[in-house]
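Protein chains get the first letters and strands the later ones, always in sequence-line order, with residue 1 at the start of each.
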Protein chains: 2
Amino acid sequence: MSPHTTMTESRLESELAQRGVRMTRQRRAILATIESAERHLDAAQILRRASRVEASVNRVTVYRTIGLLKRHGLIDELDLMHVTGDAHFYERRPEHDHIHVTCLRCGQVIEFESEHLAQLRAEVEQQCGFRVDVARTEIGGYCGGCQAMPEATAATRATRANKKGAEDARACGDAAHIA
Amino acid sequence: MSPHTTMTESRLESELAQRGVRMTRQRRAILATIESAERHLDAAQILRRASRVEASVNRVTVYRTIGLLKRHGLIDELDLMHVTGDAHFYERRPEHDHIHVTCLRCGQVIEFESEHLAQLRAEVEQQCGFRVDVARTEIGGYCGGCQAMPEATAATRATRANKKGAEDARACGDAAHIA
DNA sequence: CTACAGATGCAACAGAGTTTCACCTTGCAG
DNA sequence: CTGCAAGGTGAAACTCTGTTGCATCTGTAG
Ligand SMILES: [Mn+2]
Ligand SMILES: [Mn+2]
Ligand SMILES: [Zn+2]
Ligand SMILES: [Zn+2]
């Protein structure tokens, strides 16, 4: 990597610029992390990944930036049925709504689009007199594989026990240097 | 009230009985509380209300009973967009699915039924190969009143500050005797 | 009535997110 | 450029939600 890694400006970054929000090295790292994630990340995972490009990023700043992005409607918050704990997960707000289907045994998450989402939202706006800001549909169940699998063999399951940090550090090559 | 208030057997109670689950005074109080609630309660509120009929009920038992009911699919867990904090809310699983529409300013919650829910669920089962266990749609937005109200006047808003216990104790007559 | 699986209470713990405050940086005006 | 004020940041301490270990108690089958 070059000495001054300038990091290509993310879409989130330009969205914020447009709205006159001040940009910092820390924010840039966090935005890029969220933007480029191949899956839904929670705050701790965002911190770990962002710290790799900008070592000074702090836990608190991650939470503050998540708050900023939520207020501006640029990201959505997910529970993923809290299969792995009480943390919330984040993703950039997509063009079209989609729902999240989580396997309660293996933790796999599938995204699914449907016409019914927009229709439901329209119904709510009309019949409840609400201006809808954010809509979230989450489903929990058992994926094909896990339906077949005998109860005990479920070694894949993301339990509360093995959740302890390891997964993200392992997946991405170098050790986590932030607790 | 008579000395030995026998408390009519709730539907949750008989559901559990059918499944051979052991019944205790504490559980009975918690089940009755959830069953008879006129709105969605979080764990702390369930504890406060249940303690009024059965003083020995403990916080931990509330959580354990919530877990029991979730495992048996007898209650659903809601976020209500976490407008008032990080707690989760509970309600008995209804006959027909409904969604929860929460006003992000005043905290009001509206329940709404729609054909699209069942259709969406069917689509997921077919196209994702999942066996769906629980489905949750939550919407956040601004209710009619709050859309009209000028930004500052929002005195009604359930802020993190006023959340502190008062609301439930006040609403139900006698003081909360459990922290 | 008894025995024992299973439920409870307590206290200690753990994880997620927030607040405070002294210090630092960004973006802009001069 | 330079200086400066508005706003962002890190560290530590804190709050709130939920969990666990363990000694003790109790509901229920026999
Ligand atoms: Mn949640
Ligand atoms: Mn409801
Ligand atoms: Zn699975
Ligand atoms: Zn409102």
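Counting any heavy atom pair closer than 4.0 Å across all strands shown, B:R59 reaches a base atom. Residue-level contact check: B:R64 touches the bases, meaning some heavy atom is under 4.0 Å from a base atom.
Rounded to an integer number of Å, the gap from B:D86 CG to C:dG17 C1' is 6 Å. For the pair B:E54 CD and C:dG9 C1', the computed distance is 13 Å after rounding to whole Å. One atom, CZ of A:R25, and another, C1' of D:dG7, lie 15 Å apart when rounded to the nearest Å. Atom CD of A:Q26 and atom P of C:dT25 are 9 Å apart (whole Å).
Checked against C:dT25, C:dA16, D:dG27, the side chain of A:Y63 finds its nearest nucleotide in C:dA16. The side chain of B:V60 has C:dC10 as its nearest neighbour among D:dT9, D:dT26, C:dC10. Distances from the side chain of A:H88 to the nucleotides D:dG18, C:dG17, C:dC10 place C:dG17 closest. The side chain of A:A43 sits closest to C:dG17 out of C:dT8, D:dT26, C:dG17.
Two residues are said to be in side-chain contact when any heavy atoms from C-beta on lie closer than 4.5 Å; B:H72 and B:L74 meet this criterion.
Taking 3.5 Å as the limit, the base of C:dA7 and the side chain of B:R27 contain no donor-acceptor pair of atoms between them. One can find a donor-acceptor pair under 3.5 Å joining the base of C:dT26 and the side-chain atoms of A:R22.
Within a 6.0 Å sphere centred on CD of A:E115, other residues, nucleotides and ligands contribute 12 heavy atoms or fewer.
A salt bridge links A:R136 with A:D79: at least one charged nitrogen is closer than 4.0 Å to a carboxylate oxygen. Ionic pairing of B:K70 and B:D76 is not present here: no N-O contact between side-chain nitrogen and carboxylate oxygen is shorter than 4.0 angstrom.
Of the two residues contacting DNA chain C, namely B:T24 and A:T24, the nearest-nucleotide position lying further toward the 5' end is that of B:T24.
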